[in-house]
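One structure is given below, encoded as structure tokens.
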2 protein chains.
Amino acid sequence: MYDNKNEYFCFSTNRNRLTKVKINTMNILPDKTVERLSQYRRNLLICDGKGKTHIFSHEIANIHHITPVQVRRDIMLIGYTGTLRKGYNILELIALIGEILDKEDGQRVAIVGAGNLGRAIIQYFHNRRDKLSISAAFDSSPDKIGQEYDGVKIYPIEDIDKIVKEKNITIGIISVPVVAVKATASALVEAGVKGILSYTPRPIDVPENVYLEEYDMITSLEKVAYFAKNIEKI
Amino acid sequence: MYDNKNEYFCFSTNRNRLTKVKINTMNILPDKTVERLSQYRRNLLICDGKGKTHIFSHEIANIHHITPVQVRRDIMLIGYTGTLRKGYNILELIALIGEILDKEDGQRVAIVGAGNLGRAIIQYFHNRRDKLSISAAFDSSPDKIGQEYDGVKIYPIEDIDKIVKEKNITIGIISVPVVAVKATASALVEAGVKGILSYTPRPIDVPENVYLEEYDMITSLEKVAYFAKNIEKI
DNA sequence: GTAAATTTGTTATTTCAATAACAAGTATTA
DNA sequence: TAATACTTGTTATTGAAATAACAAATTTAC
Ligand SMILES: NC(=O)c1ccc[n+]([C@@H]2O[C@H](COP(=O)([O-])OP(=O)(O)OC[C@H]3O[C@@H](n4cnc5c(N)ncnc54)[C@H](O)[C@@H]3O)[C@@H](O)[C@H]2O)c1
Ligand SMILES: NC(=O)c1ccc[n+]([C@@H]2O[C@H](COP(=O)([O-])OP(=O)(O)OC[C@H]3O[C@@H](n4cnc5c(N)ncnc54)[C@H](O)[C@@H]3O)[C@@H](O)[C@H]2O)c1
């Protein structure tokens, strides 16, 4: 599926002249395509649940408020082809997106900070994805250590290195108070995770071989506020 | 500040020939610039708290892992100018970002669904921004109605129209179970909000005059998982 | 059986965002 | 005082993402 297409052409404007350039895609998908694939799968699973077997690009597009071309392009990038006038086979597409997003043996996630946000997240992820599950939580508060939420055990923060290695955890979610963010990130990196998702408002430094995603709800809300107040100009 | 600069040039390639085009920026800032301005302010407030009075573009850049040019360009877009070799006056910059992101009389926010996530959010936003505060929560559960979290009162969902209008609420955050998402979005739109931020995984439809932002934590984590497993290819 | 209507897959173009390049001004150093 | 290093503001260029355009294939309608 993945290897019938390992080169792709695009144009670059070089000294004002258009030049055809051969680039290698199949290595890595565009950022935005990855996000959309996750969203497609989420809703394809619902369609499948309703007994639907095939779906058109414009149906997927409508669900996500994007254009059918966008959908077809994303699907092209992962090397899947639908059937003319029948659309895409939903189960096949779900399976292929799975091959791309998931690792064969899954990836395990640790969450550091089992406070209000941490516990809400543990509950939300509970049993949602086979191949991506929270396998441990860490906290510094004696009240929390040893407890279990939705099957996720809370370990003392001191054991992070040991447990992460033991359980082969590759991803960390950070939801500790801002003062503890820096130490938490270092501990996760030390322990060998390859990806970090931080929900704290404090910027983090990681080495090049760790993928970092930072999300702050206040920034998101301020953005909504800005565009809401200027809505007539959009 | 805002009006000494109401036009801007850029090039467009029209039939393979570069054409100089005059576009109007000051109307609306780029999406990504708005996000960064929120982040700049967040950390400028911290710098100010430490007694720092001026800051260089490369210092801001380091905090946020971006380039100094990016910072200067963003600041240029909002029409602020720093002092050569002294950098930007932190308080002035904070004030100007405030003028842009905030509305003069502030904007009020409602949150619908006071469950695990909803309550965590209420707590997180508590007293963080003068000009953007959660002024009401709505829920359908009799257990929750009438309670108060961090000064935010929980109203019955039936009163949403009345309260939103009464309190002049312009933004809604959705954190209800997926089955209730559609009805919640409609109710918010009906009541007249101009912006919606949804934390549910269910896609929403809104009319053109409402700004919508959807964020799903699972998509975010799946993206981290994808790039973490392919980290050596980035 | 032919024409019209769909729908995919792919290339071409446009739009949006980030980076590079550099002129101009200011402080510092020799 | 002249040269150097620094830092801003802005334009030019490059790069990434989205959209448009369209050929090819298949079904439906007549
Ligand atoms: N509550 C929200 O909805 C929300 C939203 C966005 C961001 N955040 C951010 O997420 C973080 C957590 O928020 P919260 O509301 O859950 O706070 P919280 O205080 O409820 O939870 C923080 C948890 O981290 C634990 N902790 C403290 N220091 C630690 C350390 N060094 N190692 C391990 N665990 C430690 C605490 O014991 C506590 O259980 C904060 O940085 C906050 O800014 C929260
Ligand atoms: N928990 C998380 O961290 C998390 C993360 C991401 C997304 N989400 C999503 O956010 C939503 C809420 O998650 P949660 O964990 O807080 O769930 P929850 O069940 O704890 O809370 C949902 C709340 O909504 C209320 N509610 C139900 N129907 C309602 C209606 N029609 N009108 C108003 N209120 C209503 C319930 O009474 C409850 O208080 C879900 O869609 C979930 O998928 C949750």
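Chain letters run A, B, ... following the sequence lines, proteins first, then strands; residues in each count from 1. Since this is a predicted model, take the numbers as computed values, not measurements.
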Distance-only polar pair, side chains of B/Gln39 and A/Thr219, donor-acceptor under 3.5 Å: no
Residue B/Asp31, side-chain atoms from C-beta onward, closest of D/dT19, D/dG9, C/dA17: C/dA17
Protein-nucleotide distance (B/Leu29, atom CG; C/dA17, atom C1'), rounded to Å: 14 Å
A/Gln70 CD - C/dC16 C1' separation (whole Å): 13 Å
For DNA chain C, the residues among residues 50-68 of chain B that have a non-hydrogen atom under 4.0 Å from it: B/Thr67
Touch class at under 4.0 angstrom, heavy-atom based, for A/Thr33 against every strand present: nothing
Nearest-Å distance for atom pair CD1/P, residues B/Ile75 and D/dT10: 12 Å
B/Tyr124-A/Asp216 side chain donor-acceptor pair, cut-off 3.5 Å: yes
Spacing between A/Arg73 atom CZ and D/dA16 atom P, to the nearest angstrom: 13 Å
Salt bridge flag under 4.0 Å for residues B/Lys223 and A/Asp31: yes
Protein-nucleotide distance (B/Leu84, atom CG; D/dC6, atom C1'), rounded to Å: 9 Å
Comparing B/Thr81 and A/Arg72 on DNA chain D - which has the more 5′ nearest nucleotide: B/Thr81
Nearest-Å distance for atom pair CG/P, residues B/Asn89 and D/dT8: 13 Å
Atom-pair distance (CE on B/Met76; P on D/dT11), nearest Å: 7 Å
Atom pair distance, as rounded to whole Å: CG in A/Leu77 and C1' in C/dT8: 15 Å
Spacing of CG belonging to A/Leu45 relative to OH belonging to A/Tyr40, to within rounding of 0.5 Å: 15.0 Å
Side chain B/Arg36, main chain B/Asp74, donor-acceptor under 3.5 Å: no
Nucleotide nearest A/Val69 (side chain, heavy atoms from C-beta), chosen from C/dT8, C/dT10, D/dT10: C/dT10
Donor-acceptor contact present, side-chain B/Ser186 to main-chain B/Lys182, <3.5 Å: yes
Sequence neighbours excluded, every pair satisfying side chain to side chain donor-acceptor pair (under 3.5 Å) that has a member inside residues 47-56 of chain B: B/Lys52-B/Glu59
Position toward the 5' end of DNA chain D (nearest nucleotide), A/Asp74 or A/Arg85: A/Asp74
Contact under 4.0 Å: B/Arg36 side-chain N or O vs C/dA17 OP1/OP2: no
